[in-house]
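Accompanying notes for the structure given below.
These figures come from a predicted structure and were not determined experimentally.
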Amino acid sequence: MSLPSLPLFHRLAGQPVVVLGHGEAAEAKRRLVTRAGGKVIEDLAEGIDIGARLAFIAHEDERACEADAIRARGAGLLVNVVDRPALCDFTTPSIIDRAPVLIAVGTGGASAGLAKALRLRLERLLPQGLGTLAEALYAARVAMRARWPTGSERRRALDAALEEGGPLDPLRGGGDVGAWLAGGADGTSGRFTITLRSADPDDLTLREARLLGQADAVVAGPSVPAAVLARVRADAARLAPSEVEPEGGIVVEIEGA
């Protein structure tokens with residue numbers, strides 16, 4: 001199942017960003033750029049000259065939006081035209097800030113209201129201490145490499161620690177990273193089979209959904225619904241039943257309903 005767009009986090013600190021237009025929408029984009037550390041440039045020609053890479057366009061006149069979008073794109077800038085998804089190279093999500101953890105909820109420009117509603121619901125679920133947990137894990141990366149030398153080993157150990165009820169469960173306020181390193185388990189590995197009960201991914205058990213999200217490789221035939229495969233970790237290897245499976249890690253075989 002293909003992604004409608006590729007979510008990315010763009011570092012703007014000290015960088016020029018073009019913001020064109022007047023009114024509430026343009027002011028909101030100026031605040032967003034400033035909050036991310038960018039330098040707001042209100043003239044397109046100036047922005048092009050000093051090497052801006054992004055442009056937000058929020059004119060009320062549609063023809064003015066189209067004209068400036070063409071100019072900016074022709075100069076190599078990525079363009080966001082407010083409320084006109086068809087003219088956008090990128091869209092801006094609704095953001096949950098637990099710095100350095102950022103969670104972005106987007107709908108590809110389909111409905112900013114839906115993205116906002118989801119963000120408000122998620123805000124109530126996510127502890128303020130998420131950022132502290134992220135910083136502790138960053139500080140422990142050398143120790144983690146020493147205990148688990150390979151990337152797959154580290155990933156499995158982290159998956160086990162961060163899952164629901166785990167010693168570092170992020171929705172329960174995280175935990176003591178040092179204590180986890182001193183005595184934490186090495187995590188799940190092996191081959192697992194999921195037999196689907198229906199084509200609806202909501203019918204997956206919590207364990208099945210967790211395995212799909214943690215899998216290093218997935219073996220799935222053509223009868224497996226795309227909606228189920230969408231729950232698989234994005235960078236997991238997708239294998240046909242006849243292909244050779246990797247050794248080690250988590251391999252999940254999905255059998256159609």
Side-chain angles (χ1 to χ4, degrees), residues 1-135 137-138 230 234-235:
M1 187 174 181
S2 62
L3 292 171
S5 59
L6 179 64
L8 301 170
F9 289 92
H10 198 99
R11 297 184 185 275
L12 293 183
Q15 299 298 314
V17 178
V18 174
V19 183
L20 306 179
H22 302 283
E24 182 180 347
E27 286 303 317
K29 298 306 182 188
R30 291 185 179 94
R31 289 193 298 271
L32 183 64
V33 170
T34 300
R35 184 178 173 187
K39 179 181 178 183
V40 173
I41 305 298
E42 299 186 356
D43 181 85
L44 179 54
E46 179 186 355
I48 293 170
D49 287 344
I50 63 177
R53 295 174 291 176
L54 302 178
F56 292 94
I57 300 173
H59 300 305
E60 293 185 2
D61 182 77
E62 186 167 355
R63 289 187 177 180
C65 286
E66 292 176 353
D68 278 342
I70 290 171
R71 287 180 59 207
R73 193 173 288 113
L77 280 72
L78 295 175
V79 174
N80 173 276
V81 182
V82 177
D83 292 334
R84 292 176 173 86
L87 297 178
C88 292
D89 297 313
F90 69 95
T91 56
T92 51
S94 193
I95 298 170
I96 301 171
D97 185 0
R98 298 288 189 272
V101 177
L102 293 176
I103 298 170
V105 181
T107 63
S111 174
L114 174 59
K116 177 183 176 182
L118 291 171
R119 187 256 301 170
L120 291 173
R121 294 283 291 275
L122 291 170
E123 282 270 17
R124 297 197 291 268
L125 297 174
L126 301 175
Q128 290 294 328
L130 276 180
T132 301
L133 174 60
E135 289 169 345
L137 288 170
Y138 181 78
D235 59 348

task = Decide side chain to side chain contact (heavy atoms under 4.5 Å, CB included) for L102 and F9; before the verdict, give the C-alpha distance in whole Å, the side-chain angles of both, and the deciding distance to 0.1 Å.
result = CA-CA 9 Å; L102 293 176; F9 289 92; 3.8 Å; yes
request  = For R71 and L77, run side chain to side chain contact (heavy atoms under 4.5 Å, CB included): C-alpha distance rounded to whole Å, both residues' side-chain angles, the deciding distance at 0.1 Å, then the answer.
outcome  = CA-CA 9 Å; R71 287 180 59 207; L77 280 72; over 6 Å; no
request  = Could you walk me through whether I41 and V17 pass side chain to side chain contact (heavy atoms under 4.5 Å, CB included), step by step?
outcome  = CA-CA 6 Å; I41 305 298; V17 178; over 6 Å; no
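Residues K29 and T92 have side chains that bring a donor and an acceptor to within less than 3.5 angstrom of each other.
Here E42 pairs with R30 under the side-chain hydrogen bond (donor to acceptor under 3.5 Å, both in side chains) rule; sequence neighbours left out. Every residue two or more places apart in sequence or in another chain that forms a salt bridge (Lys or Arg N to Asp or Glu O under 4.0 Å) with R35 is listed here: D97.
Minimum interatomic distance between G51 and P16 (heavy atoms only, all atoms of both residues): C-CG, 4.3 Å. Contact record, C65 with V81: CB-CG1, 3.8 Å, taken as the closest heavy-atom pair. Among all heavy-atom pairs drawn from A58 and V82, the shortest one is CB-CG2, 3.8 Å. For the pair V33 and F56, the tightest heavy-atom approach, listed with the atom from each and the gap, is CG2-CE1, 3.7 Å. Nearest heavy-atom pair, A115 versus V105, reported as atom, atom and distance to 0.1 Å: CB-O, 3.5 Å. When all heavy atoms of L20 and A26 are compared, the closest pair comes out as O-CB, 4.3 Å.
Residue pairs meeting the side-chain hydrogen bond (donor to acceptor under 3.5 Å, both in side chains) criterion with at least one member in residues 50-60, sequence neighbours excluded: H59-D68.
Within 6.0 Å of CG in D49 there are more than 12 heavy atoms belonging to other residues, nucleotides or ligands. For NE2 of H10, the number of neighbouring non-hydrogen atoms (other residues, nucleotides, ligands) closer than 6.0 Å is greater than 12.
Comment: R98 engages E123 in a salt bridge, judged by a side-chain N to carboxylate O separation of less than 4.0 angstrom.
To the nearest 0.5 Å, the span separating CG on L87 from CG on N80 amounts to 10.0 Å. Interatomic distance, D61 CG to E66 CD, rounded to the nearest 0.5 Å: 9.0 Å. Going from atom CD1 of I96 over to atom CD1 of I103 covers 5.0 Å, rounded to the nearest 0.5 Å. Between R84 atom CZ and E62 atom CD the span is 4.5 Å, to the nearest 0.5 Å. Atom CD1 of I95 sits about 14.0 Å away from atom NZ of K116, to the nearest 0.5 Å. Rounded to the nearest 0.5 Å, atoms CG (L12) and CG (L54) are 6.0 Å apart.
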